[in-house]
Structures are given as C-alpha cells and as structure tokens.
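Structure, as structure tokens:
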There are 2 protein chains.
Amino acid sequence: MIYNEFKKMVTISKEEISEQILENHRDSIKVKKEKKVIENLIKIIDATLDICSKKSFQAMSIRDLSAASGLSRGALYSYFTSKEELLILILSQGRQIANQVLTEQIAKGSDPAEKLRLAIKSHIYLSEAMQTWFYFTYIEARNLPREEQKRAIASELYTEKLFIDIIEDGITAGIFREGNVILAASVIKAMLQDWYMKRWKYKSRKVSVDEYADYVIHVAESIL
Amino acid sequence: MIYNEFKKMVTISKEEISEQILENHRDSIKVKKEKKVIENLIKIIDATLDICSKKSFQAMSIRDLSAASGLSRGALYSYFTSKEELLILILSQGRQIANQVLTEQIAKGSDPAEKLRLAIKSHIYLSEAMQTWFYFTYIEARNLPREEQKRAIASELYTEKLFIDIIEDGITAGIFREGNVILAASVIKAMLQDWYMKRWKYKSRKVSVDEYADYVIHVAESIL
DNA sequence: GTCTATACATAGATAGAC
DNA sequence: GTCTATCTATGTATAGAC
C-alpha cells in the first residue's frame, strides 16, 4: 500500500460523503442548487480547518471565516444556522470518512498479524491525509455540546476496539503473547495520535510517514 | 518511590516556586502584602485550572473566574494586568516545578536502566499530581503568543532530550539495543502524555497510576 | 445566492467609591 | 485591598437590498 493511492481513496470518499452530509443537514442549508452547496461547503470546511490549525474554533470569528472562505458573513449563514452547527457538520463528516476507510482497510488483512499492520498503517496514512481534521477533532472534542461529545468518545473507543479485537484474535490464534490487551491497544493508539498531534516535531526531524508507521509496527510487534 | 511521597514533594515545590513567580511578576501585581498575594494567587490559579479542565482558557471569562475564585473582577486585575498575563503566569510556574522535580528524580538513578525507569515513573507521577496543569498546557500551547509558544516547545523538547540522553547512554554502555533513539524517545513521550490527556478513559477502565507506569516501562524495555 | 448594514450579546479592562 | 459601575471592543446572527 502506497500513501498516494491511499490519499486518492480518501478524496473520493470525501465527495461521496459530502452528499450524505448534505442530506442530513438539508433543513439548515438554505441554498437550493446542490452543486453550489457542495462547492461552497468544501470551501467553508477547508477554510475552517485551516484557521483552526492556528487557533481554536472558538477563537475563530465568523469574520475570520468570511475573509478566508471568500463568502460574506451573511452568505455563510445560508449554509449553517449557527457556528456550533458548522462544528458538528465538520466533525460528523470527518468521522464518517475515517471510520469507513479504516474498516475497509482492515478487512483486507487475512490474519491478525497482517490486520494489525494494516490497521496501524492505514490509521497513520489516514491521519496524514486528513491531518487538519484529526488535529481539529482531538483539540475541539471537549468544547462540544454533550450529545456531540458522546459521539466523539464513542468514535475514539470504536477505533480502540478495532485494535483490541485484532490483538485478542492474535492471542487466541497463538500469534501474539498473552498480556494486558487493553493497555496494549491504548499505547498503540497513543502512538498513532502522536503522529498528527506533533507533526511539527516529526517534520523538523525529517521523519517520514512510512518511517513512523514502520516504527510503530515494530513497537507493537515487540510487545505482542 | 510511592506516589504519596511524590505528591508531597510537588506541593512543597509549589510554595517555593510561588515566591519566585511573585518576584518575576512584581511589576504587574499591585497588591503589596506578600502573604495576601500568595494566598490569592493560589486561589486564582486553582480556579483557572479547574475551569479550564472543562472549557478552554479563551472560553473562560473573567466573570467565570471571578465567580469561581471568589474575587471580584476588579480585584482580579490587581494580580495580573491582562488575561494573557495570567496565562503566562500559570504556564511558567508549572513549567518550573515540573522541570525541577523531574531533573531531581532522574539524578537519583545510578545507571541508564534505572534512570529510564525513574524518568518514566516520575513523569507519570508528576502528571498525576499536576494533572490539570499538564492537560492545560498541552491544550493551550498553540493559543499562546509567539514568545511563550517557543518556551512551551523548548520545554517539550527538553523533556524529550532527557529521554534521548538516557537511551544513548544505555546504548553506549551496552545495556540497550541499537536503534532509532529519537523515535524511541518520541513514542515513550507519547505514552506518557496519554496518561494525563486520556485520564477519563483510564479511570473508567480502572487502570491505576502504578499499573500504567509499569506498563510503559515494560514497553520501553521491550524496544530497548 | 450573495452582499451590506446593523441589532444585540458578551467579554476584557478601568475608574473611583468604600 | 476589594467592590460596583461602566466603557469599549469584538463577535454572533439577522434583515433587507441587490
């Protein structure tokens, strides 16, 4: 699996899922021409993620977003009813893409050892392709309304569960050593998160995506 | 080393360092009675960290802080000249305590293997004793003014350097295997951070500080 | 569909009384 | 030292013109 292939796949999913999102938010979006909506939604989401890689969502004003997206403040409110709804829109879209791609990839593996490698590699590739979104989600998680916060936590635990299941299967199959499965999955997840949260560090140290992924796989295999 | 001893030590450092901080910010603090200042500064800092475990520093209003600390808005401005200065005050105080305690602890180890264990254990204990502060620093790092952001990064890299040095010494001494030292230190750091960033998760899964610390040591020793 | 103008709310900071 | 009252800036959201 090569990173470029992976990135293409993510881009395709993005388009598909944009339409689903549009359906779910039909009430709030006042603009009727579908093409226009998707075009502008992408502008808006990209601009938001871009701004929020530098400051928090809270600190981003609608004025900021207007300037960065090229739409007027008034026009922006044709695409969402409140700033908070924009936040929810972004989160749910990203979550859907991420879960879909990740699950697809893992299914390609035939045994636990291969599934583990695939899960690690595709998670890191995914967070590379959608870095701003992953960063955004991690940082903004606690600023969400209750309901949305629960979804974020559920999503976090779901990803971790993918790893727990793989590890348990591996132990049953006699491929992995016995040990604390939950802690093993937790530390693997911690390593995965470090890639998108500390990208500035790895960039300055010239660590590539592949190098990092291989190292995490190496660590995981050492403890399992 | 027991966690309770450790916690006591941190509390003592807190008092000592409060005085240093007071010196550094003498100009901004209008209140003259030293005792009063320390008393209220602690109230203010604790209240801030408490509020900011639920929302961002930005989202915390001076009105919120006034309510939580028991001081009026006007009185608060006798202890700092701007909200941003309060932020800097908290960060620099915490950083000093953390660096001091950590360095002290590591120095107690006699060989690289022991130093590594001590470094891991004391970092996790430290982040347990000062959890709100560690969380706060991680989350707020990017919302800082340039100068302060540089200090945060320097501090992050300093901690990592502690690990890099220990690992390198260990390799030279033939205790640890050859390998990518920077990546090894990075993933250890990632695991340490997970403890204070995902405390809700470990709490709900009933993972204790000691159990987690032992596991991280286990992982580190597996790869080294 | 998008813009400009503006209403309305909230937050940071200060002045001056106590 | 601390409080109350208040100024000013900034930000969200809407109305109505184009």
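Residue numbering restarts at 1 for every chain, and letters A, B, ... go by the order of the sequence lines.
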Which is true for [X] with a 4.0 Å heavy-atom rule: it touches a base, it touches only sugar-phosphate, or it touches nothing?
| X | answer |
| --- | --- |
| B/S61 | sugar-phosphate |
| B/K30 | nothing |
| A/Y79 | sugar-phosphate |
| B/K36 | sugar-phosphate |

Parallel, tilted or perpendicular: rings of B/Y196 and B/Y138 (30°, 60°)
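Judged by the thresholds at 30° and 60°, the geometry between B/Y138 and B/Y196 is perpendicular.
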Just checking, is any N or O donor in the side chain of B/T103 or B/Y158 under 3.5 Å from an acceptor N or O on the other one?
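The answer is yes; a qualifying pair exists.
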Are B/Q93 and B/S18 close enough that a side-chain donor and a side-chain acceptor fall under 3.5 Å?
yes
Residues which pass side chain to side chain contact (heavy atoms under 4.5 Å, CB included) with A/K108, listed by chain and number, not counting sequence neighbours:
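A/K108 satisfies side chain to side chain contact (heavy atoms under 4.5 Å, CB included) with A/Q105, A/L118 only.
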Any Lys/Arg nitrogen of B/K161 or B/E156 sitting under 4.0 Å from an Asp/Glu carboxylate oxygen of the other?
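Salt bridge absent between B/K161 and B/E156.
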Provide, to the nearest angstrom, the distance between the [atom1] atom belonging to [X] and the [atom2] atom belonging to [N].
| X | N | atom1 | atom2 | result |
| --- | --- | --- | --- | --- |
| A/L86 | D/dT12 | CG | C1' | 13 Å |
| A/E85 | D/dA13 | CD | C1' | 13 Å |
| A/K83 | D/dG11 | NZ | C1' | 8 Å |
| A/F80 | D/dA13 | CZ | C1' | 10 Å |
| B/Q58 | D/dG11 | CD | C1' | 11 Å |
| B/I62 | D/dT10 | CD1 | C1' | 15 Å |

Within a 6.0 Å radius of atom NZ on B/K14, are there more than 12 heavy atoms belonging to other residues, nucleotides or ligands?
no
Please check the phosphate of D/dA13 (OP1 and OP2 only) for any side-chain N or O of A/Y77 closer than 4.0 Å.
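Yes, because at least one side-chain N or O of A/Y77 sits under 4.0 Å from OP1 or OP2 of D/dA13.
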Comparing A/A75 and A/R63 on DNA chain C - which has the more 5′ nearest nucleotide
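Its nucleotide being nearer the 5' end, the pick is A/A75.
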Find which nucleotide of DNA chain D each of A/E84 and B/L71 is nearest to by heavy atoms, and output the residue with the more 5' nucleotide.
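Closest to the 5' end, via its nearest nucleotide, is B/L71.
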If only atom types and distance count, is the side chain of A/K83 paired as donor or acceptor with the main-chain N or O of A/F57 below 3.5 Å?
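Indeed, once roles are kept as given, a pair shorter than 3.5 Å links the two residues.
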Reading DNA chain C 5' to 3', which nucleotide is the first, and which the last, to come under 4.0 Å of any heavy atom in chain B?
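Counting from the 5' end, contacts occupy C/dA11 to C/dT14.
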